[in-house]
Amino acid sequence: MTPKDELLFLALGGSGEIGMNVNLYGCQGKWVMVDLGMTFGDPTYPGIELILPDLTFIEERRKDLLGIVLTHGHEDHIGAIPYLAADLGVPLYATPFTAGLIRLKLEEEGLTKEVKLHVIQNEGSFNLGPFGFRYVPLAHSIPEGNALLIDTPHGKIFHTGDWKLDERPLLGEPATPKELTAIGDEGILAMVCDSTNVFNDKASGSEGDVREGLMETIAGAKGRVLVTTFASNAARVQTLGEVATATGRKVCVAGRSLDRIIGMAKASGYLKDFPPTVDWDDAMALPRNEVMIIATGGQGEARAALARVAFDSHPIKLAEGDLVVFSSKQIPGNEIAIGRIQNALAMSGVLMVTDRQAEVHVSGHPGRPELEAMYRWIRPEILLPVHGERRHMAEQARLALASGIRHAPVQSNGDLLRLAPGAPEIIGKQDTGRLVLDGDVILPADGATINERRKLGLHGQISVALAIDRKGKMIGKPTLRTQGVPVEEDKAAFLAEASNDAAAVIPKGSLEDDAVRERVRLAVRRTATRWTGKKPIVDVLLIRA
């Protein structure tokens, strides 16, 4: 697939899911990529923390790829860069703060010489082949959230990235309604738009409102206060610094990712008034009502600071009457992990406040009123929903059509969409998928390794060792070991029966080793199924003596 004199759009991630955003635009034989993100593992991927997009489509066409343009620094938009960008062999483009976060990732992986990174000043512009790019600042929960105004031979695209409207932002100066209206006046072919909060009837709210809610909540606390939020939410970190100063508390930071974000924000000219921090030991020595801890782990991450504090394996200690504020939204799928931490805190008598009890969090994504306002300002011919599950994107398409936008196609990862010339149309389907980072190895998400691991988790494993002499006679009896097979109290009896059943299927005559192994494997598995209802993985070690 080589783009002709047309404008194509293809999502390799982020359409039909929230996270792992990768979007391609094609025109006149060339492609550009917008964002290269990842998502996090869940119980369906045992042992996996990071999930990456499968870029086979564009890897096969890397000679036609001109570059990767990044909208902002959240992991679901830049997280796959250290694992996949070097293989693509094209330069990256980002504004200063985002570029700083990317540079840290490349340094950690030893890739600074292999991946070229271009820093584009805020509101700057540049060209890549038939594409022109201009950064348009929008409010979000991280510094330098940007839309991209993309100029093409077939019309302009307004690619929103992640955004919201905020009348009182604490970091950065987003484009005004007047400036966005002026962009709409240029004539916009398509707006490619964040769908995350389309079901919210209210606007997301301002960071200024959160400041007041946090101030009220923390001012009334009598003990230590720990506030957990997303590390990348530098605007919230700024808010917490102001609240700590106003309530007479020293700030202590717990979490390497928080340290990294704060350092990069300061280096980029943000968090200028953030108060000096104290280390963990000094924080524990202060009177309990004179310290605020900002910590990672609000989504229940087992190795993050909050989990370690909750289970008393961290130098920072909380006790009865102390307060933990969850200044973040609970991401669907994390309920059990978060509940586990909250139960541990409750056992210690720690008080908790979430966004259900007080205004301690606002989203970084637009609700319906904000979407409708952006439609009025930009006035695109086409509204293309992205960044959402299918239900989110379908609902935004309905909202756009009801708002008077002519076209609102709903696509999924792999749908090749022609935006121009003519009406938007899905003209093909390309293979997409997921990869997993398993230790230091990148593997197919549904390949042999992960499928075997799922089976192990469901059914357990049995190892069988047996020896046969040169005449084909078995030496002794087969020996078995089990892992994860539910035969605890009856294990000895089960092993004895399974060993006898294995011995019974070994022929006295000559037979190929593979055939013997298969007979033994099936016999042992039948015994295990009869005893447990499970079908464990059975590995047979055959020794010819």
Taking atom types as modelled, find out whether [X] and [Y] have a side-chain donor-acceptor pair closer than 3.5 angstrom.
X    : Y    : result
D415 : Q430 : no
S232 : E75  : no
S15  : Q411 : yes
T196 : H387 : yes
T71  : N146 : no
R236 : S141 : no
E144 : T95  : yes

Testing the basics here: between [X] and [Y], what is the closest heavy-atom pair and its distance to 0.1 Å?
X    : Y    : value
L52  : M20  : C-SD, 3.5 Å
L435 : P53  : CD1-O, 3.7 Å
H361 : S327 : ND1-O, 3.6 Å
A94  : Y135 : CA-OH, 3.5 Å
V119 : R103 : CG2-NH2, 3.6 Å
P169 : G172 : CG-O, 4.1 Å

How long is the span from the [atom1] atom in [X] to the [atom2] atom in [Y], to the nearest 0.5 Å?
X    : Y    : atom1 : atom2 : result
L384 : L419 : CG    : CG    : 6.5 Å
L8   : T2   : CG    : OG1   : 10.0 Å
L138 : E179 : CG    : CD    : 10.5 Å
L84  : I58  : CG    : CD1   : 13.0 Å
E49  : L437 : CD    : CG    : 8.5 Å
L92  : M33  : CG    : CE    : 10.0 Å

Taking 4.0 angstrom as the limit, do [X] and [Y] come out as a salt bridge?
X    : Y    : answer
K164 : E370 : no
E395 : R368 : yes
R211 : E242 : yes
K178 : D185 : no
D64  : R61  : no
R521 : E518 : yes
E108 : K105 : no
R434 : D54  : no

**Study point:** Full working for side-chain contact (heavy atoms from CB on, under 4.5 Å) between I382 and L189
**Key:** CA-CA 6 Å; I382 303 166; L189 172 68; 4.1 Å; yes
Measure centre to centre between the rings of [X] and [Y], then say whether the value is under 6.0 Å.
X    : Y    : value
Y93  : F126 : yes
F131 : W31  : no
H77  : H140 : no

With a sphere of 6.0 Å drawn around [atom1] of [X], does it hold more than 12 non-hydrogen atoms of other residues, nucleotides or ligands?
X    : atom1 : value
E173 : CD    : no
K4   : NZ    : no
R62  : CZ    : yes
K266 : NZ    : yes
E335 : CD    : yes
E107 : CD    : yes
R168 : CZ    : yes

Review point. So do the side chains of L383 and Y375 get within less than 4.5 Å of each other, counting heavy atoms only?
Key: yes
Check your understanding: Do I450 and Y45 come within less than 4.5 Å of each other through their side chains, counting heavy atoms only?
Key -> yes
Exercise for review: Decide side chain to side chain donor-acceptor pair (under 3.5 Å) for S363 and N197; before the verdict, give the C-alpha distance in whole Å, the side-chain angles of both, and the deciding distance to 0.1 Å.
Suggested key: CA-CA 9 Å; S363 174; N197 279 349; 2.8 Å; yes
Point to revise | Cation-aromatic face contact R356/F326, 6.0 Å, 45 degrees | key: no
